[in-house]
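Quick notes on the structure that follows.
Each chain gets a letter, A, B and so on, in the order the sequences are listed, and its residues count up from 1. Nothing here was measured: the structure is a model prediction, and the numbers come from that model.
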Amino acid sequence: MAKYDLPTETIKFKGIFDMELLYKSMRDWLVRRGYYFEEPTYKSKPNPLGGKEDEITWKSYRKETDYFKFWIVIDFHTWERKDIEVIEKGKKKKMNQARMTIYFNSYVESDYQGRWNQSPFLIWLNNLYEKYIIKPEIDNIYTDKLYYYVLKLHNIAKECLGMEAKGSEYGDVW
Amino acid sequence: MLGHGSKRVRIWGCVVKMAEREKIVDELRLTYEGLFDVNELYLTMDKWFREKQYDKRELKNIEHVKPDGKFIELWMMPWKKITDYAKIEIKIRIQMFNIKEVEVEKDKHKVKLNQGKIQMVFDGYLTTDYENKWEGKPTYVFMRTIFDKFIYKGYTARFKGQVSEDVSHLNTTIKSFLNLYRF
């Protein structure tokens with residue numbers, strides 16, 4: 001069983017945004033693409049200076065093949081989150097105002113069923129298999145694919161937050 | 001797994017194995033103040049990475065809404081494998097200050113643009129032996145250096161040239177894009 005870590009992507013934002021839209025859009029994207037989704041951490045505590053501090057962790061995975069599994073772990077951290085009402089196109093809308101950081105961590109897990117883990121010989125063979133036989137597939141297909149999936153999700157988050165530097169020319173990659 | 005003798009270094013929060021990393025372009029700067037479209041600028045860069053066959057890597061995207069306009073900071077590090085031995089990495093740090101949305105009239109049409117200040121810093125790196133195949137033993141390191149310095153000298157020089165050319169082309173593309181908004 002090996003883990004191939006991909007670079008962490010970070011979004012930091014301070015301003016007004018729709019938390020519900022962000023939450024739903026990102027979750028829908030994961031579920032639509034067949035990811036098993038769970039939220040192991042949801043902490044929300046009031047700040048004496050005003051607003052709330054939230055810590056949310058999402059863990060999602062998808063079995064890409066019988067051997068590889070894609071993991072996407074997202075950490076949301078908000079500070080001074082307040083509910084506010086804004087008027088958009090003449091209608092009142094509930095929004096949030098906060099300082100927020102989102103970390104997108106991802107990795108490819110190999111031999112997630114642990115089938116090559118049953119004897120020292122199989123462990124040695126697995127090492128050989130991953131280092132020399134399927135190395136190009138790991139580098140050029142699986143890690144690349146997951147990385148571009150994460151970039152797509154990253155872009156959805158930027159669009160929901162209404163950030164300026166958004167969009168991608170790599171939409172058709174994978 | 002890392003072999004004996006190889007080191008780990010932290011570059012922009014990413015732990016990477018110690019390959020030979022040479023800085024070819026050192027802090028090429030670009031500053032602009034005036035009208036432009038932030039999203040179009042971002043997409044122009046993205047398009048350039050795609051056209052030049054770079055893999056995109058966006059490490060940080062920071063946006064703060066402030067009373068005097070938005071503050072935006074982007075850290076990007078696109079990379080491209082040239083061979084199984086060498087790869088190019090471009091480090092781009094972008095800071096935008098006091099970004100406001102303005103409406104201007106262009107060809108009798110109202111267009112929404114941004115106004116503010118941009119500072120960009122580009123660094124270009126040539127990374128050799130990125131798979132750390134020659135890092136395992138001191139004899140490998142010695143042999144690699146001999147190859148790099150004497151046998152592959154011509155190739156290494158060509159790769160270095162490609163790093164400067166790509167960084168300079170990206171810089172020119174962004175300059176031309178920004179200059180369009182001056183007139």
Highest number of heavy-atom pairs under 4.5 Å with chain A: which of [options]?
{"options": "B:Val65, B:Val38, B:Asn61", "value": "B:Asn61"}
{"options": "B:Lys66, B:Arg50, B:Lys60", "value": "B:Arg50"}
{"options": "B:Met96, B:Lys70, B:Met45", "value": "B:Lys70"}
{"options": "B:Glu51, B:Glu58, B:Glu73", "value": "B:Glu58"}

Check: Does the A:Thr143 side chain pair with the main chain of A:Ile138, one donor and one acceptor, at a distance under 3.5 Å?
Finding: yes
State plainly whether the residues [X] and [Y] are in salt-bridge range, i.e. N to O under 4.0 Å.
{"X": "A:Arg27", "Y": "A:Glu39", "answer": "no"}
{"X": "B:Glu40", "Y": "B:Lys47", "answer": "no"}
{"X": "A:Asp83", "Y": "A:Lys94", "answer": "no"}
{"X": "A:Arg99", "Y": "A:Glu80", "answer": "yes"}
{"X": "B:Glu89", "Y": "B:Lys91", "answer": "no"}

Check whether [X] gets within reach of chain B through its side chain, its backbone, both or neither, counting any heavy atom under 4.5 Å.
{"X": "A:Phe104", "answer": "neither"}
{"X": "A:Asn140", "answer": "side chain"}
{"X": "A:Asp139", "answer": "side chain"}
{"X": "A:Lys3", "answer": "neither"}
{"X": "A:Leu151", "answer": "side chain"}

For [X], is it the side chain, the backbone, both, or neither that has a heavy atom closer than 4.5 Å to a heavy atom of chain A?
{"X": "B:Asp55", "value": "both"}
{"X": "B:Ile72", "value": "side chain"}
{"X": "B:Phe49", "value": "both"}
{"X": "B:Lys81", "value": "side chain"}

Check: Has A:Lys59 got more than 12 heavy atoms of other residues, nucleotides or ligands less than 6.0 Å from its NZ?
Finding: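 No, NZ of A:Lys59 has 12 or fewer neighbouring heavy atoms, counting only those of other groups under 6.0 Å.
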Margin query: Please identify, among A:Met100, A:Glu9, A:His154, the residue contributing the most non-hydrogen atom pairs under 4.5 Å to chain B.
Written below: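 Between A:Met100, A:Glu9, A:His154, the count favours A:Glu9.
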Check: If Ile, Leu, Val, Met, Phe, Trp and Tyr residues are connected whenever their side-chain heavy atoms lie under 4.5 Å apart, and connections chain through other members, are B:Leu30 and B:Leu35 in the same group?
Finding: yes
Notebook entry, point to check: Linking Ile, Leu, Val, Met, Phe, Trp and Tyr by side-chain heavy atoms under 4.5 Å, what else ends up with A:Val86?
Noted result: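 Besides A:Val86, the hydrophobic cluster comprises A:Ile16, A:Ile84, A:Met95, listed by chain and residue number.
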